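Just so it is clear, the values below take in all heavy atoms, side chains as well, and ignore hydrogens, waters and symmetry mates. Ligands are counted one by one from 1 in listed order, and the atoms in each one are counted from 1 as well. Since the structure is predicted, the reported quantities are computational estimates derived from the model, not experimental observations.
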Amino acid sequence: MAYTVPPLPYPYEALEPHIDKLTMEVHHDKHHQAYVDKVNAALEGTPLADAPIEDVLSDLSQVPDAKRMAVKNNGGGHYNHTMFWENMSPDGGGEPDGALADAIGSAFGSFADFQAKVKETGVNQFGSGWSWLILDGSSLAVVGSANQDNPISDGKTPLLGVDVWEHAYYLKYQNRRPDYIDAWWNVVNWPKVAERFAAAS
Ligand code: MN3
């Protein structure tokens, strides 16, 4: 079965004023749809056409050579954005609690240090990419990735990703990527991130 863009779990304008309605419409309906259309076209007729996208990205060596780059980019775009919509919420923001809060404290020193690391990684990502909180074995880490590369292709588990492609913020923040990342913390869905952490731990 071909991949489809999942519906946004909230209205387009729900993340305002931090993320504006038009950005969400274009990002979800146009950008994500284009990734889905292109990965479906790339995998059509191959044995991987029916595989969950995380299984495909976890081992890109199984993708035929001629299709690998298209699948990495567009399959990554589909997987990353599916996670991105879920990891935001109109009721988001604040700080995590419980085991996730403890793990962030142990790994980064403090929640503020963790946020600074995500921001630094996102701001310093040259061109398009993502800033990720990942589970690497049993420890948390923050890493960047270029394009639509996902840490799952390196055997890591992504828990949270901040999209730092210009399409994620340019209409409202123009060149001010640092301001967008600061604002993004107001919509982060910590219960969802904690759910991923618990499932992966
Ligand atoms: Mn994007």
Side-chain angles (χ1 to χ4, degrees), residues 2-43 52-54 56-57 60 69-90 92-93 115 118-134 142-154 156-189 192-193 196:
Y3 303 121
T4 55
V5 177
L8 263 192
Y10 36 76
Y12 295 106
E13 67 275 18
L15 305 180
E16 291 201 356
H18 312 293
I19 312 289
D20 62 285
K21 180 183 182 188
L22 182 58
T23 294
M24 291 300 291
E25 287 175 344
V26 176
H27 201 173
H28 179 270
D29 294 3
K30 307 295 183 187
H31 289 280
H32 192 165
Q33 186 66 54
Y35 295 127
V36 163
D37 292 346
K38 288 174 185 172
V39 70
N40 284 341
L43 288 178
I53 191 61
E54 53 267 40
V56 175
L57 296 172
L60 285 164
M69 191 55 75
V71 170
K72 176 172 132 131
N73 289 338
N74 296 291
H78 174 43
Y79 183 57
N80 294 347
H81 287 87
T82 299
M83 200 180 139
F84 188 60
W85 313 132
E86 290 178 352
N87 277 358
M88 297 189 290
S89 164
Q115 285 185 302
V118 171
K119 181 177 180 180
E120 180 194 2
T121 301
V123 168
N124 291 331
Q125 175 60 45
F126 186 77
S128 298
W130 293 74
S131 181
W132 300 99
L133 171 66
I134 61 164
V142 169
V143 297
S145 77
N147 304 314
Q148 296 296 355
D149 294 357
N150 189 290
I152 201 172
S153 302
D154 298 321
K156 324 290 192 211
T157 305
L159 302 177
L160 169 160
V162 184
D163 188 343
V164 299
W165 283 59
E166 285 186 343
H167 68 224
Y169 63 85
Y170 204 84
L171 294 177
K172 182 175 173 73
Y173 296 94
Q174 292 83 47
N175 60 318
R176 302 187 307 279
R177 188 186 287 184
D179 292 355
Y180 154 70
I181 297 174
D182 287 342
W184 192 83
W185 295 115
N186 292 301
V187 298
V188 59
N189 184 350
K192 190 71 198 177
V193 180
R196 288 183 198 286

Regarding His32, does it place an N, O or S atom less than 2.8 Å from the Mn ion (ligand 1)? no

Regarding Asp29 and Tyr12, do their side chains bring together a donor and an acceptor under 3.5 Å, going by distance alone? yes

Partner of Asn80 by side chain to side chain donor-acceptor pair (under 3.5 Å), out of Asp163, Asn147, Asn150: Asn150

Would you say His167 reaches the Mn ion (ligand 1) with an N/O/S atom under 2.8 Å? yes

What do you get for the angle at the Mn ion (ligand 1) between OD2 on Asp163 and NE2 on His27, to the nearest 10 degrees? 90°

Within a radius of less than 6.0 Å around NZ of Lys38, do more than 12 heavy atoms belonging to other residues, nucleotides or ligands occur? no

Any donor-acceptor pair under 3.5 Å from Asn87 side chain to Leu159 backbone: yes

